[in-house]
Amino acid sequence: MSDGRVEQLLEESNALKRESLALQKEALAEQRKLIDDTRANLELARQVNERAAELQTKARRALALLLPLILVLIAYVSWLLFFRIRT
């Protein structure tokens, strides 16, 4: 091989290495962006889960208060319908 050909091959090799490094930097930046997006999504999901847990707790408390009231009202209406109206 002539010196010119070797030089040309080395230049091409160096150019390909630079391109490869640029692509790797771009891929790394994209991966970092995806990691940041994933972390943001996880934080949002955590907040949503916490809010859902709060709502479930409130719903259980409301049910615990309303269920006895509903049962008392059913008993009262039943008493009115079956015993009070007949007299």
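Just so you know, residue 1 is the first one in the sequence shown, and it goes up from there. What you see is a predicted model; the values in this text were computed from it and never measured.
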Is there side-chain contact between E7 and L10, with at least one heavy-atom pair below 4.5 Å?
->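 No. Closest side-chain heavy atoms not under 4.5 Å.
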Contact check, side chains of R39 and D36, non-hydrogen atoms, under 4.5 Å =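 SC-SC contact between R39 and D36 confirmed.
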Hydrophobic cluster membership, [X] vs [Y], 4.5 Å side-chain cutoff:
X: F83; Y: V77; answer: yes
X: Y76; Y: L81; answer: yes
X: L42; Y: L44; answer: no
X: F82; Y: L80; answer: yes

Under 3.5 Å, side-chain donor or acceptor atoms of residues 22-31 against the rest of the protein: list the pairs with distances, not counting sequence neighbours.
none

For L34, does its backbone N or O pair with a side-chain atom of T38 as donor and acceptor, under 3.5 Å?
->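 Pair found, side chain donor or acceptor close to backbone of L34.
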Just by distance, do the side chain of S13 and the backbone of L9 share a donor-acceptor pair under 3.5 Å?
-> no
Between CG of L65 and CG of L69, what distance do you get to the nearest 0.5 Å?
-> 9.0 Å
Can you tell me how far the CG atom of L16 sits from the CD atom of E12, to the nearest 0.5 Å?
->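 Answer for the CG-CD pair, L16 versus E12, is 7.0 Å.
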Is a salt bridge present between R46 and E50, judged by a nitrogen-to-oxygen distance below 4.0 Å?
-> yes
Might you confirm whether atom CZ of R61 has over 12 heavy atoms from other residues, nucleotides or ligands at distances under 6.0 Å?
->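 No, not enclosed.
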